[in-house]
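Remember, predicted model here, so these are calculated numbers, not experimental data. Values below: all heavy atoms of this structure, side chains included; hydrogens, waters and symmetry mates excluded.
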Amino acid sequence: MNSAPLTETGPPSGRSRPGGVRSWLLGVNPAAKLITAVVLSLGLIPAVDPVTGGVVLAVTAAVVPFSGIGRSTLLVLSVPFLLMGVSTGVVNLLYGQEGAWGAFGAAVRLLAIALPGLLAAASSDPTDLADALVQRLRVPERPAMGVLAALRLAPLLADQWRTVTLARRARGLEAGRNPLAALSIFLGKLFALLVRAIRTGTLLATAMDARAFGTGPRSHARVSRWRTADTLLVVAGPLLLGAAYAVSAHLGTLRLLFG
């Protein structure tokens with residue numbers, strides 16, 4: 001009986017990257033997104049004026065429609081950062097020495113630092129991110145697998161938080177309109193979630209040790225590929241920072257933290 005010749009396909013080359021302009025950021029290598037986010041965040045630390053951070057924030061916000069992230073997901077993830085930005089502005093307005101302009105600059109700067117990291121994390125598959133950390137950024141496998149486990153367990157912690165909330169509500173533990181009771185119940189749920197997280201982390205660490213993670217070199221099921229779009233994104237980070245500083249200097253609004 002004749003048999004067809006076997007062809008060697010080699011190791012998987014990773015997931016096929018999403019197509020379409022709307023999901024462009026999903027197809028970029030997670031290492032490139034992480035590098036760009038770190039460059040923008042560190043580069044904005046010296047600038048305390050709202051114009052420099054505002055330019056970066058505006059350009060980063062313009063990328064959001066092409067990130068492939070759902071609106072509901074983006075809304076849930078952005079609420080804590082918006083609250084931090086508003087609270088930072090209010091605190092600087094009440095207790096700072098720069099007035100409303102300085103408070104506005106502090107809020108914009110915080111949002112401009114946080115948004116690139118938010119997009120990089122939300123638009124990256126956890127497994128692809130771990131592969132990129134190990135293969136492209138040469139991160140040791142133990143911390144890379146820790147990042148992967150943390151990202152994978154985040155939805156589980158959210159489900160456990162809802163379970164704890166429903167269980168306490170079934171037992172009649174509700175605060176009503178008493179803020180002190182609400183705070184006490186919240187701290188109790190937070191402690192219960194912490195205990196569950198420690199137990200889950202311990203089980204996960206035991207399972208990873210049983211599979212010999214971190215004991216030696218390992219092969220990779222998928223190759224983290226680097227493409228032209230990844231290089232363009234990395235180059236765009238410093239260019240955007242330079243343009244932001246140039247615009248602020250031209251307008252005469254540039255103020256440095258250590259100036």
Side-chain angles (χ1 to χ4, degrees), residues 25 33-67 69-124 150-151 154 157-158 161 175 177-187 189-190 193 233-259:
L25 193 61
K33 291 183 280 190
L34 183 60
I35 293 172
T36 305
V38 171
V39 168
L40 292 177
S41 299
L42 294 179
L44 284 175
I45 291 178
V48 295
D49 62 282
V51 176
T52 306
V55 172
V56 175
L57 181 61
V59 175
T60 308
V63 179
V64 172
F66 309 101
S67 64
I69 306 174
R71 294 181 180 178
S72 58
T73 302
L74 186 63
L75 180 62
V76 171
L77 294 176
S78 60
V79 166
F81 294 99
L82 292 176
L83 292 177
M84 285 191 298
V86 172
S87 61
T88 300
V90 171
V91 170
N92 280 270
L93 180 62
L94 295 177
Y95 302 104
Q97 300 177 353
E98 302 296 331
W101 183 252
F104 180 65
V108 171
R109 177 166 165 259
L110 177 62
L111 293 176
I113 290 175
L115 184 57
L118 173 63
L119 287 180
S123 63
S124 299
L151 293 176
L157 290 178
W161 178 266
R177 298 183 179 180
N178 189 342
L180 295 179
L183 179 61
S184 176
I185 292 176
F186 175 79
L187 293 177
K189 292 192 297 182
L190 193 63
L193 184 65
L233 183 63
V234 172
V235 173
L239 292 179
L240 176 57
L241 272 177
Y245 276 93
V247 170
S248 183
H250 178 73
L251 296 177
T253 59
L254 180 61
R255 290 185 64 255
L256 299 180
L257 182 63
F258 306 105

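Shown here for A112 and G53, the closest heavy-atom pair between the two residues is CB-O, 3.3 Å. Heavy atoms only, all atoms of each residue included: A114 and F81 are closest at CB-CD2, 3.3 Å. Of all heavy-atom pairs between P50 and G105, the closest is CB-CA, 3.6 Å. Between S248 and D49, the shortest heavy-atom contact is OG-OD2, 2.8 Å. Of all heavy-atom pairs spanning G54 and V108, the tightest one is N-CG1, 3.4 Å. Heavy atoms only, all atoms of each residue included: T88 and A106 are closest at CG2-CB, 4.0 Å.
Taking OG of S67 as the reference point, atom CG of L118 lies at 9.0 Å (rounded to 0.5 Å). The distance from the OG atom of S124 to the CD1 atom of I69 is 8.5 Å, given to the nearest 0.5 Å. Distance CG/L119 to CG/L115: 4.5 Å, rounded to 0.5 Å. Expressed to the nearest 0.5 Å, how far CG of L57 lies from CD1 of I113 amounts to 11.0 Å. Taking CG of L233 as the start and CD1 of I35 as the end, the distance is 9.5 Å to the nearest 0.5 Å. Here the CG-CG distance, from L44 to L257, works out to 12.0 Å after rounding to the nearest 0.5 Å.
Residues L240 and V56 form a side-chain contact, since some pair of their non-hydrogen atoms from C-beta on lies under 4.5 Å apart. Between L111 and M84 there is no side-chain heavy-atom pair separated by less than 4.5 Å.
Each of T52, V39, L42 was scored for a side chain to side chain contact (heavy atoms under 4.5 Å, CB included) with L241, with one residue passing: V39.
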